[in-house]
Amino acid sequence: MTRKFFTLVELVVSLGVLIMILLLATITLSLATRTWYSITEYDKKLKDFHNIDKVANISFRNIVPFRWRDSNNKEKIIFSGESDKIHFAYLHRVNNPNDGGIRFLRLFVQEGNLIAEYCSTPFLAESDSKISINREVIAKDVLSVNFIYADIRNEKLEWYDNWDIEQMKNIPLAIHMEIHFKDNTRKAWLRRTAGNSQFYEWGRRLKVK
């Protein structure tokens, strides 16, 4: 009985086929991993967009000129609009009769997260430590948020980087919010405010000179 041995050529060919199979398997696994990662990241981004849409649709569209007396008994409209953060009052569904139908919201970026803080009373410096605040992360991996505010001046639409309620005397007609994410994508939301029009704000819109 004779024993048959593999020739050098057969060994080289077999080794080459094995290497090709391993290479194809590695490429397939790499593609599958990248596809899974891409789908996961896309799903995460869609959830973030959904959360931001929810905030814009529920709160921005329902912003109203709510007036409140501060510690000096001075009546002021609760609205603070800066380029990178915002604080306002908006109409909210009544879940608890004791809470009422007005909710107050602060929106800003902190440590890479878009943060929403909710409260049943205004965020005033002298009372912040005494009130109960609910905090929610709206979106992650955020570099910055930028707000601009619209008003009608001399029958023309004007946009402002900051909104000084003492000077403007009214809430803005609309708010544009742009979010810059860490993957360098940008997404914008534009909503008109409620209880507002070009000339009236619950019958009390003041003309600014």
Next on the checklist: Checking His50 now: which residues fulfil side-chain contact (heavy atoms from CB on, under 4.5 Å) with it, not counting sequence neighbours?
Outcome noted: none

Next on the checklist: So, taking the atom named CZ in Phe147 and the one named CG in Asn162, what distance separates them when rounded to the nearest 0.5 Å?
Outcome noted: 11.5 Å

Item to check | Side chain to side chain, Asp151 and Tyr160, heavy atoms closer than 4.5 Å | outcome: yes

Next on the checklist: Can you give me the closest heavy-atom contact between Phe104 and Ala89, atom names plus distance?
Outcome noted: CE2-CB, 3.4 Å

Next on the checklist: Rounded to the nearest 0.5 Å, what separates atom CE in Met168 from atom OH in Tyr149?
Outcome noted: 11.5 Å

Checklist entry - How would you list, by chain and number, every residue that makes a salt bridge (charged side-chain N to carboxylate O under 4.0 Å, His left out) with Asp53, sequence neighbours excluded? => result Arg191

All N/O donor-acceptor pairs, side-chain side in residues 20-29, below 3.5 Å, sequence neighbours left out:
residue : atom : partner : partner atom : Å
Thr26   : OG1  : Leu22   : O            : 2.8
Thr28   : OG1  : Leu24   : O            : 2.8

Item to check | ring pair (Phe, Tyr, Trp, His ring centres under 6.0 Å) against Phe181, all qualifying residues, sequence neighbours excluded | outcome: Phe49

Checklist entry - What residues, two or more places apart in sequence or in another chain, satisfy side chain to side chain donor-acceptor pair (under 3.5 Å) together with Asn184? => result His180

Checklist outcome for this item: One should read off an interatomic distance between Leu91 CG and Ser59 OG, to the nearest 0.5 angstrom, of 11.5 Å

Item to check | Expected output: side-chain Trp68 to main-chain Thr121 donor-acceptor under 3.5 Å | outcome: no

Checklist entry - Nearest heavy-atom pair of Ile78 and Pro122: which atoms, and what distance? => result CD1-CB, 3.8 Å

Next on the checklist: Side-chain heavy atoms under 4.5 Å apart, restricted to Ile/Leu/Val/Met/Phe/Trp/Tyr: what other residues fall into the cluster of Leu15, or is it alone?
Outcome noted: Ile19

Item to check | Taking every non-hydrogen atom, the tightest pair across Ala150 and Leu157 | outcome: CB-CD1, 3.8 Å

Item to check | CG on Asp48 to CG on Asp141, rounded to 0.5 Å | outcome: 7.5 Å

Checklist entry - If every non-hydrogen atom of Val109 is compared with every non-hydrogen atom of Leu143, which pair is closest and at what distance? => result CG1-O, 4.3 Å

Item to check | Linked, directly or transitively: Ile86 and Ile165 (ILVMFWY side chains, under 4.5 Å) | outcome: yes

Checklist entry - Under a 4.0 Å N-O cut-off, is there an ion pair linking Glu158 with Arg153? => result no

Checklist outcome for this item: Correct closest heavy-atom pair for Ala174 and Leu190 would be CB-CD1, 4.3 Å

Item to check | Residues that His92 engages under side chain to side chain donor-acceptor pair (under 3.5 Å), provided they are two or more places apart | outcome: Arg103

Item to check | Close side-chain approach of Tyr90 and Ile102, heavy atoms under 4.5 Å | outcome: no

Item to check | Ring-ring centroid check Phe79 Phe66, cutoff 6.0 Å | outcome: no

Would you list the atom pairs, donor with acceptor, under 3.5 Å between side chains in residues 111-118 and any protein atom, with sequence neighbours excluded?
residue : atom : partner : partner atom : Å
Glu117  : OE1  : Arg106  : NE           : 3.2
Glu117  : OE1  : Arg106  : NH2          : 2.8
Glu117  : OE2  : Arg135  : NE           : 3.1
Glu117  : OE2  : Arg135  : NH2          : 2.7

Checklist entry - Quick check: does any side chain N or O of Asn51 sit under 3.5 Å from a backbone N or O of Ile138, one acting as donor and the other as acceptor? => result yes

Next on the checklist: Within the 4.5 Å heavy-atom criterion, are Trp189 and Ile179 side-chain neighbours or not?
Outcome noted: yes

Checklist entry - Under the side-chain contact (heavy atoms from CB on, under 4.5 Å) test, which residues partner Asn146, sequence neighbours left out? => result Ser83, Ile148

Checklist entry - Glu136: what forms a salt bridge (charged side-chain N to carboxylate O under 4.0 Å, His left out) with it, not counting sequence neighbours? => result none

Item to check | Contacts of type side-chain contact (heavy atoms from CB on, under 4.5 Å), residue Lys85, not counting sequence neighbours | outcome: Glu82, Phe108

Checklist entry - With distance as the sole test, does Ser80 use its side chain to make a donor-acceptor pair with the main-chain N or O of His87 at under 3.5 Å? => result no

Next on the checklist: Can a donor-acceptor pair be found, under 3.5 Å and without considering hydrogens, that links the side chain of Thr193 to the backbone of Leu173?
Outcome noted: yes

Checklist entry - With sequence neighbours excluded, what pairs up with Lys156 under the salt bridge (charged side-chain N to carboxylate O under 4.0 Å, His left out) test? => result none

Checklist entry - Are Val137 and Ile58 connected, step by step, through hydrophobic side chains (Ile, Leu, Val, Met, Phe, Trp, Tyr) whose heavy atoms are closer than 4.5 Å? => result no

Checklist entry - Would you say the side chain of Leu107 lies within less than 4.5 Å of the side chain of Phe88, judging by non-hydrogen atoms? => result no

Next on the checklist: Surrounding NZ of Lys182 (heavy atoms of other residues, nucleotides or ligands, distance under 6.0 Å), is the total greater than 12?
Outcome noted: yes

Item to check | Heavy-atom side-chain proximity of Ile52 to Lys187 below 4.5 angstrom | outcome: no

